[in-house]
Amino acid sequence: MSEFCPGYVHAPFDALAAAFPDESAYPFADFRTEWGPIFHRGRLDGSARVLVIGQDPGPHENILRRILVGEAGRRAQGFLAKIGITRSYVLLNALLYSVYGAKGARYVSKPKVQDYRNLWIDAVISSGNVEAVVTFGGMAEKAWAGYANVHSPPSGLPVQHLTHPTFPESAGGTKAERQANTRKMLKQWNGALQVLHPAITHKDAPDSLVLYGDAFVETDKVDIPSADLPAGIPRWMYDNDGWTRRTGATVLDKRRNITVTVPDGVIP
Ligand code: URA
């Protein structure tokens, strides 16, 4: 049996998913608003113990309609597993739509963007069950600040602001620079693991802490569970990424087209 995400059935997320900011908050010039908003991944039934905030959705997210489902998602999932959290999480992004161009960060604190995002964050935190918050990347850190400055998160709630999981690749540079950035990021993540592992008392998997080495190994990355995705998603879409990309000869073509390719070995 494949478990699946029931979607937006719990209040207030049902109402939030029905009334989302459109291009008046996320202009077409700076966002791929044409692909619609992508709201979350994980538990919306009040059982989440960790809130993760990411950045913005990419093409994999545009297709699967859940956030952090590609390489960054598998790395984030692996981080959560190391603190004993295999299903009790909610992931939100700082931005609802994929950033187009370089101006996305300017929108994180704009009132229409922030106020709506704060409704989601507040609904997650209001369960009273969240034991830690993790932000990945600068936009996510700003998103949390935009919440914490307006609402009052529970005092003593551990919050860790971490480098975005795919920063080493997005920063570019040589292979040696990428390796150095990865090493630096994992050192920072290890510091956070040592704070969060003891702080989270309701773990899904109470294993002892295994820190990262200098580079990701395959066991540091965890596949996206089918329980986080809409019903009927084929396994190859959540076991790995790299099956979709924006394609086209012109900038406009690339905005209009996402090509999905079934990987080798799936069709007998
Ligand atoms: N995909 C997301 O949904 N968020 C990120 O931060 C990165 C990739």
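We count ligands from 1, going down the list as the structure has it; atoms in each ligand are counted the same way.
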Proximal ligand 1 atoms for [X], defined as those under 4.0 Å from one of its heavy atoms:
{"X": "Ile67", "value": "3 (O)"}
{"X": "Asn93", "value": "2 (C), 3 (O), 4 (N), 5 (C), 6 (O)"}
{"X": "Gly54", "value": "6 (O)"}

Should the pair Arg41-Asp228 be classified as a salt bridge under the 4.0 Å nitrogen-to-oxygen rule?
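Counted as a salt bridge, because a side-chain N and a carboxylate O are separated by less than 4.0 Å.
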Can Glu218 and Arg74 be counted as an ion pair, charged N to O under 4.0 angstrom?
yes
Which one of Leu186, Ile85, Leu193 satisfies the side-chain contact (heavy atoms from CB on, under 4.5 Å) criterion with Phe79?
Leu193
In terms of ring plane angle, is the pair Tyr212 and Phe216 parallel, tilted or perpendicular, where the classes change at 30° and 60°?
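Correct class here is perpendicular.
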Stepwise ring-ring contact (aromatic ring centres under 6.0 Å, His included) test for Tyr147 and Trp120:
CA-CA 10 Å; Tyr147 172 74; Trp120 278 81; over 10 Å; no
Provide, to 0.1 Å, the distance between atom 1 (N) of ligand 1 and the closest protein heavy atom, together with that atom's residue and name.
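The closest one turns out to be Glu61 OE2, 3.0 Å.
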Looking only at protein heavy atoms, identify the closest one to atom 7 (C) of ligand 1 and say how far it is in Å.
His164 NE2, 3.5 Å
Can you tell which part of [X] has a heavy atom less than 4.0 Å from ligand 1: side chain, backbone, both or neither?
{"X": "Leu68", "result": "both"}
{"X": "Asp56", "result": "backbone"}
{"X": "His60", "result": "neither"}

For a side-chain contact (heavy atoms from CB on, under 4.5 Å) check, start with the C-alpha distance between Val150 and Gln114, then their side-chain angles and the critical distance, and finish with the verdict.
CA-CA 10 Å; Val150 179; Gln114 176 170 296; 4.1 Å; yes
At a 4.0 Å cut-off, with the gap strictly under it, does some heavy atom of Pro57 reach an atom of ligand 1?
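Judged by the 4.0 Å heavy-atom criterion, Pro57 does count as contacting ligand 1.
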Pairs touching residues 251-260 that satisfy side chain to side chain donor-acceptor pair (under 3.5 Å), sequence neighbours left out:
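Qualifying pairs, neighbours excluded: Glu34-Arg255, Thr247-Thr259.
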